[in-house]
Amino acid sequence: MTDTPALEQPYDPALVEPRWYAFWESHGVFAASDAPADARPVYVVPMPPPNVTGSLHMGHALMTTLEDVLVRWHRMRGFNTLWQPGTDHAGIATQTVVERLLAREGKTRHDLGRDAFVARVWQWRRETGDRIHLQQRVLGASPDWARTKFTMDEDMSRAVTEAFVRLHEQGLMYRATRLINWCPECRTALSDLEVDSEEGASGELFEFAYEVEGGGEIVVATTRPETMLGDTAIAVHPDDPRYTALHGKRVKHPFTGRTFPIVTDAILVDPTFGTGAVKVTPAHDFNDFATGKRHGLEEINVLNLDGTMNEHAGRFAGMDRKEARRAVKRALEEKGLARGTKPHVLTLPRCQRSGGVVEPMISTQWFLKMKGMADAALDAVRSGKTRILPAEWTKTYDHFLENIQDWCVSRQLWWGHPIPAWHHPDGRIVVARERPADLGPEWAQDPDVLDTWFSSALWPFSTLGWPEKTPALARFYPASDLETGYDILFFWVARMMMFGLHFMGDVPFRRVLLHGLVVDETGDKMSKVKGNVIDPLDLVHGTTFAKMVPDADAMAKFKKAYPSAAAMGTGFPAFGADAVRFTLATYPPSNKRIALAPRRIEGNRHFLNKIWNATRLALELLGEGYTWTDAPAPEGFVNRWIRSRFASACAAAHAGLDAFRIDEAATAAYRFFWYDLCDWYLELVKPVLRPQADGAFARPAEVAETRATLATVLEGSLRLMHPLLPFITEELWQRAPRPASRGASVALAPFPGPDAERAALAPEIEAWMATLQEIVSAGRTVRSEHDVDKKAEVAMAVRSDDAEVAAFVRAHAGDVRLLVKTRGLPAVEGRGGAREAGTAVSVIASQRGPIEVLVGLKGLVEKDAELARIDREVKKLDKDLAALDKKLASPGFVDRAPPEVVEEARRQREALAAGKTRLEEARVLAAEL
RNA sequence: AGGCGCGUAGCUCAGUGGUAGAGCACUACCUUGACACGGUAGGGGUCGGAGGUUCGAAACCUCUCGCGCCUACCA
């Protein structure tokens, strides 16, 4: 970067953030190396491939942020870091998108034909398929883009074929005719996982009678009357006395004239529900299907693949499901067989993609045996080869794999990986990597494609070149961390585990890190229907609410979902990517719900402004032309203190990042920078690094040491915060003095881990500084409570009977003077001396005995205010004393609690009591004002 | 029905055995030579409820209420 504009104030992310992305890419910051000579340890994160149809939403922004933080952190720690990017082809979703485009031209995919349609999808994908990656760049994501993969790429497709063929050879992939979930709208089979259940749907329970041969009737109930056309039995409970007489009899179907048996089944029938008699439709209900197998019942499919009734429905053939339902009910009524309806709450199975009601349907599909692979995946987690964080998810993972069903992998779509199987009209099937040359023209390739998740399950190794034995595969498998939302634990994580173990013989990753769902501020899931969706880029670039929502109604919904945004005026300002990232990073990732509060982003945006301005000040204090000097460890108190605090912050940040508690790392950095560096350190070094009133400077050695420390801590802070705030830290780091050994970018500089900083830890110094801060705070409180003009200087004295305290305060009297704004240096005295009238007293209950802070207010003191202040302090002390007294008086505490805890409590009590005595004296004095 | 999670200051959230914390919001004062996107000081919580374990519980156990999610089932 040659173009370095002035540090404009205030900070404007829009001027800074666009400057750095191309810089990082051109310096190869993101590149992983599979060179055999590269001896660095590796850190690998396979990025969950977003749908190629996708546009960045909050979930992507969260995923991108968390992973980028981990990845940048490792990169700075010297790891050969691969963050593997890419997209998946999203079979149904993508096909639907393109079909919708065709519909606008008045065409269907059938008008084009399969080849032309697939070509059209590819064209669409070339035009818009990279959008989400471009959006991730805005957020500062740092994957190795050169390795970007798409699940339909030629090499990726080869891996899919190879996997299918091997599974078939091993007898795990098989073709079978059974009941599957069918979405009539998408006209494809679905796996169990792709069916969502809509709970609490209100429907009705329709009762009707079957005539029993030989006289009488039996009444059954159903929520789907149209399925009675496929009924092949009535089941009753064997022990139900109401129906004993009917066992073994047959009933007659009112429309088809078929007859079928009344069977007894204790598994299917709950005699207390409904009439206790159940119609059995093996071809259209999972329980009935199982019942049919138990009793050898006929399976009559009455539905076409598009959801209309087929020829088995007799006079109802051709009708749509819903139409048929009404017609069947009417017909039963006409025949006098209807027995009324009752309202009924049921759960509707819905297609995850289309939302249509899923129909169980008998169909021939490809299935994958899961049991063996599932057992291996269970073992891998039980034995600790892969660790799931947060660990609570392990149970869910186990439960899923322990109860897993075979996976229906074929889909009746055009867009996807073709199934490498060829069918002969006589029913023979050949599975092969390529169409065998000796197959005659009568052999046709299987028209179906594979479930998109099949290719996703190969992701951790197919992206690295599998089945070839590439250097990348050797180096980067298994991955280190797999980070994703808990909602795809089954869809993706479990399946990758199974395929990784099966094909690679090792787990696909060492840790699984699961984050929660980003929801609105009130805790509701974001959805278009609810009108509470926020586009992450709108937060980055800013927008008006009017642009985000179509009308007043939607605006009302939106503001209800985001109360804190409602108070923000007409829209979001441009918070910038750093602020959005940082905010997402401050929520514990493991929270199941991450309630996005726009106000929090605003607060963090202010933090960036603080960093910006603090750096401006630091650079000013260092002086123009200051160059980095490698200095020995500082000796000065304040310099040692800030180094110690920085070391603590580094340790906390490292620990947080290591444990996937990124929020703790963010908090540690935030607190250090603002509360230690800005609030205290920068204030304390100003007089050292600026000319005094008389034009003189502090001692040269002190100046040099302080400059070196300031430069060290500034540069270190920027490195510490870089994984969280890549843009602003790069901008400032480029301007900050730094060692010549550093590379071109802060992204390649070493992360200030606990080891590098440990030597600077100085708990003693931190404790003394805390005392100094309390003294200063006490003085400031008195000033504030008495409305002392901020420009006025006040006389101040610090009284303590402890020689070390006295010496310490004497040594730092200049700091106290500066921070409290006293007239001359504060006096340091022993306790108990006389006090001038008009003196306010505050007492610090330190472990070295009470420290009194006396502030001379002269005419400024207000009796009432002073009494009120003292009363408040006494009240606080009393509360603390009461708690301690209770503890010390309770039987058992003194005997049973650890001695050091008891001792500590006694010391505290003593300190508080002494403090209270001092305050009471002060109260008497104040009363005489 | 089972599993998981949540319930802490007005709001969003930290806090896994030793006297309750942060940000934002709120009150007062302050435009001081980094920053008003700021400073200083201050107010505000019987940690959903009940019981138990413990010298000591926001934290551990049991029960309970409310909310959310997941899995299964629902003729």
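In what follows, chains carry the letters A, B, and so on, assigned in the order in which the sequence lines appear, proteins first and then strands, with residues in each chain numbered from 1.
The side chain of Arg593(A) sits closest to G68(B) out of C11(B), U19(B), G68(B). If you check G5(B), G23(B), C13(B) against the side chain of Glu392(A), the one that comes closest is G5(B). Each of C70(B), C24(B), U19(B) was ranked by its minimum atom distance to the side chain of Gln908(A); first place goes to U19(B). Taking every side-chain heavy atom of Phe490(A) into account, C70(B) is the closest of G68(B), U12(B), C70(B). Checking A14(B), C24(B), U19(B) against the side-chain heavy atoms of Asn591(A) singles out A14(B) as nearest. Of the candidate nucleotides A14(B), G18(B), U19(B), A14(B) has the atom nearest to the side chain of Pro588(A).
Residues Tyr210(A) and Phe208(A) bring their aromatic ring centres within 6.0 Å.
Within the 4.0 angstrom heavy-atom criterion, base atoms lie near Lys790(A). When heavy atoms are screened at a 4.0 angstrom cut-off, Tyr587(A) is found touching the sugar-phosphate backbone but no base atom. Within 4.0 Å (heavy atoms only), Pro898(A) reaches at least one base atom of the nucleic acid. Counting non-hydrogen atoms under 4.0 angstrom, Leu205(A) reaches the backbone sugars and phosphates but no base. Thr222(A) comes within contact range of the sugar-phosphate backbone alone, with a heavy-atom separation under 4.0 Å but no base atom that close. At a threshold of 4.0 angstrom between heavy atoms, the contacts of Ala235(A) with the nucleic acid are absent. Residue-level contact check: Thr667(A) touches neither bases nor backbone, having no heavy atom under 4.0 Å from any strand. As judged by a 4.0 angstrom heavy-atom cut-off over every strand, Ala595(A) is placed among residues touching the sugar-phosphate backbone only. Residue Arg671(A) is in sugar-phosphate contact alone, with no base atom involved, counting any heavy-atom pair closer than 4.0 Å across all strands shown.
Relative to the ring axis of Phe673(A), Lys610(A) does not place its NZ or CZ within 45° and under 6.0 Å from the centre. The cationic atom of Arg581(A) (NZ for Lys, CZ for Arg) does not lie both less than 6.0 Å from the six-membered ring centre of Phe727(A) and within 45° of the ring axis.
Surrounding NZ of Lys686(A) are more than 12 heavy atoms belonging to other residues, nucleotides or ligands, all under 6.0 Å away.
Across G7(B) and G45(B), the matching C1' atoms stand 14 Å from one another, rounded to whole Å. Between the C1' atoms of U27(B) and U8(B), the separation comes to 23 Å (whole Å). Between G42(B) and G23(B), the distance separating the two P atoms is 14 Å to the nearest Å. The same atom, C1', is picked in G33(B) and in G21(B); the two are 35 Å apart, to the nearest Å. Taking atom P in both C60(B) and G2(B), the straight-line distance is 23 Å, to the nearest Å. Comparing the P positions of A72(B) and A25(B) gives an interatomic distance of 45 Å, to the nearest angstrom. Taking the P atom of each, C61(B) and G17(B) are spaced 12 Å apart, rounded to whole Å. Nucleotides G15(B) and A50(B) place their P atoms 24 Å apart, quoted to the nearest Å.
The interatomic distance linking Phe273(A) (CZ) with C73(B) (C1') rounds to 11 Å, in whole Å. Residue Asp789(A) contributes atom CG, which lies 11 Å from atom C1' of U32(B) at whole-angstrom precision.
The side chain of Lys592(A) places no N or O atom within less than 4.0 Å of a non-bridging phosphate oxygen (OP1 or OP2) of C69(B). For the OP1/OP2 pair of G23(B) and a distance below 4.0 Å, the side-chain nitrogens and oxygens of Tyr675(A) include at least one atom meeting the criterion. Between Arg661(A) and G15(B) there is a side-chain polar atom (N or O) within less than 4.0 angstrom of OP1 or OP2.
Applying side chain to side chain contact (heavy atoms under 4.5 Å, CB included) to Phe582(A) and the options Val580(A), Leu584(A), Thr586(A) leaves one that passes, Thr586(A).
In this model, no side-chain donor or acceptor of Lys791(A) finds a partner on the base of C30(B) within 3.5 Å.
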**OP:** Go through Lys530(A) and Asp520(A) one step at a time and tell me if the salt bridge (charged side-chain N to carboxylate O under 4.0 Å, His left out) criterion holds.
**Re:** CA-CA 10 Å; Lys530(A) 283 189 189 133; Asp520(A) 74 22; over 6 Å; no
Subject >> Letter per nucleotide, 5' to 3', of nucleotides 35-45 of chain B [B base touched, S only sugar-phosphate touched, - untouched; heavy atoms, 4.0 Å] >> reply: B-BSSSSSS--
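Aromatic ring pairs are classed by plane angle as parallel below 30°, tilted from 30° to 60° and perpendicular above 60°; the pair Tyr675(A) and Tyr670(A) is perpendicular.
Shown here, A20(B) forms no base pair; nothing in the strands shown gives a Watson-Crick or G-U wobble contact with both key distances under 3.5 Å.
We find that Glu602(A) and Arg599(A) are joined by a salt bridge, their nearest charged nitrogen and carboxylate oxygen being less than 4.0 Å apart.
Side chains of Thr667(A) and Glu664(A): a donor-acceptor N/O pair is absent below 3.5 angstrom, by distance only.
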